[in-house]
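Please read the structure below before turning to the comments.
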There are 2 protein chains.
Amino acid sequence: MNPVEPERSNVVSRAPGRPREPETDQHILDAAFRLMAQHGYVRMSMDAVAAEAGVTKPTIYRRWPSKIELAMAALSAYCDASRPPVTGDTRSDLIAEMEHFRRAISRPYGMSLYGTALAEEHETPELLVAFREYLVVPRRRALRTLLNAAQARGELRPGVDVALVVNLLIGAFYAQYVAGDPLADDWSEKLVDTLWEGAASTR
Amino acid sequence: MNPVEPERSNVVSRAPGRPREPETDQHILDAAFRLMAQHGYVRMSMDAVAAEAGVTKPTIYRRWPSKIELAMAALSAYCDASRPPVTGDTRSDLIAEMEHFRRAISRPYGMSLYGTALAEEHETPELLVAFREYLVVPRRRALRTLLNAAQARGELRPGVDVALVVNLLIGAFYAQYVAGDPLADDWSEKLVDTLWEGAASTR
DNA sequence: TTAAATTTACTATACTAAATGGTATTTATT
DNA sequence: AATAAATACCATTTAGTATAGTAAATTTAA
């Protein structure tokens, strides 16, 4: 997933020859990510990536052997490991995590990446695999950890499937977006509370 | 959204000239829908549609003026108005509707269409608009109707946002699919029950 | 110490082969 | 005569490559 490193005969001493421009890797990855989110994988052209990164095409191909490799590297590089801190209060921790998610998909083109990853499922399955690994799994794992802790503290109704609750939480955002409705500021709070208390009026 | 009809000076008498092949419209729409679902809108080529429909490109362009118009027509034609019957039992009606949905996105390429519609949000926004109108809105409306009736019967906890419950129900499928996990046969039932009773152990 | 040789990175440009949306022209059918 | 359909075509775009020359680093030799 990382750029192809030039061979080195000696680990300590610098390799001979002109060293790579140090900032170029990131410029290319940023451009690729942005163009893929905005236009989709198919419409992300290598010419456009080169132009936006301020380099030429051979400079890209020196680092990544193909368009799909570049796209996967861009997803990997974007992978946002920063998560909201865990306090131990289940409700506020869930809301914080969902707010983090809401802001992510409220960014410009924040949801389009989901689209192109799903759309490429059959043509370019590696893209969906990478997308899941770098952008989907980390958030799901964080939510699962929160809910497992709540379950250990006896805060969950017996028999509740934690994975299903994760799907309910995350999916509600997808559904709202797919429907074309806006994600209001108090959405995360209402979402967590409704799911926590349930929809039914009687037990 | 319908194919362009040739002008007719007289409603009763037949229009002059060679009549259109009667089944061609549907063949083209079927091919367009299938190819769009399988390969995505960008990769759905007019040549491939023509080949799969057993016609030539000008035959398509006689009916729809452009690729995007054909794609929207294909979505419209696919629009599945058939819904499971409503019995009045909220739980079983919800489960039936969700099972209907589960089967739809479990079909081959059933979810890829969501992907390409989302991916085209900025390049071809008409596609997402049509997708919402023909494939998203009908299902959401059916669920909303079910839940409104339940609410009128006092079956919902006071203050519950019906639109939010719709998002929770539908979105859970999306989230499961995006995560790459299979949609088991008892999914709809577990989903409805979990959401109905809530996740919390105490009131 | 210094200059040349070597090695690698980068730019610029052109190119290929294939695919694509759309059309002008011709032929077939009623 | 009038319309539908088929053939052949066009202009453009695209991923990827090839070539020629320049820039920046190290290695080697005088």
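First the proteins, then the strands, lettered A, B, ... as listed; each starts at 1.
- Atom CG in B:L35 sits roughly 11 Å away from atom P in C:dG21 (whole-Å rounding).
- Among the nucleotides D:dT26, D:dA5, C:dC10, the one closest to the side chain of B:T24 is D:dA5.
- Rounded to whole Å, atom C1' of D:dT7 lies 12 Å from atom NZ of B:K57.
- With rounding to whole Å, B:I60 atom CD1 is found 13 Å from C:dT20 atom P.
- Distance, B:R63 CZ to D:dA5 C1': 9 Å, rounded to whole Å.
- Nearest nucleotide to the B:S45 side chain, out of D:dA6, C:dG22, C:dT20: C:dT20.
- Listed pair A:T59 / C:dT11 meets the phosphate criterion, a side-chain N or O lying under 4.0 Å from OP1 or OP2.
- What separates CD of B:E69 from C1' of C:dG21 is a distance of 14 Å, to the nearest Å.
- A ring-centre distance under 6.0 Å is not found for B:Y114 and A:Y114.
- In this structure, A:M44 atom CE and D:dT13 atom P are separated by 18 Å, rounded to whole Å.
- Here the side chain of B:Y61 is nearest to one of D:dA6, D:dA5, C:dT23, namely C:dT23.
- Considering only side-chain atoms of B:P58, the nucleotide from C:dA24, C:dG21, D:dA4 that sits closest is C:dA24.
- Relative to the side chain of B:K67, the nucleotides C:dG21, D:dT26, D:dT7 differ in distance, and C:dG21 lies closest.
- B:Y41 places a side-chain heavy atom less than 4.5 Å from the side chain of B:K67.
- At least one side-chain heavy atom of A:L191 sits less than 4.5 Å from a side-chain heavy atom of A:F173.
- When distances are taken from the side chain of B:T56 to each of C:dT11, C:dG21, D:dA6, the shortest belongs to D:dA6.
- Taking 4.0 Å as the cut-off between side-chain N and carboxylate O, A:R43 and B:E123 count as a salt-bridged pair.
- Remark: A:E197 does not engage B:R157 in a salt bridge, criterion side-chain N to carboxylate O under 4.0 Å.
- Atom P of nucleotide C:dC10 and atom CG of A:D25 are separated by 8 Å, given to the nearest angstrom.
- In this structure, A:M46 places its CE atom 9 Å from C1' of D:dG16, rounding to the nearest Å.
- The side chain of A:E21 sits closest to C:dC10 out of D:dT3, C:dC10, D:dT17.
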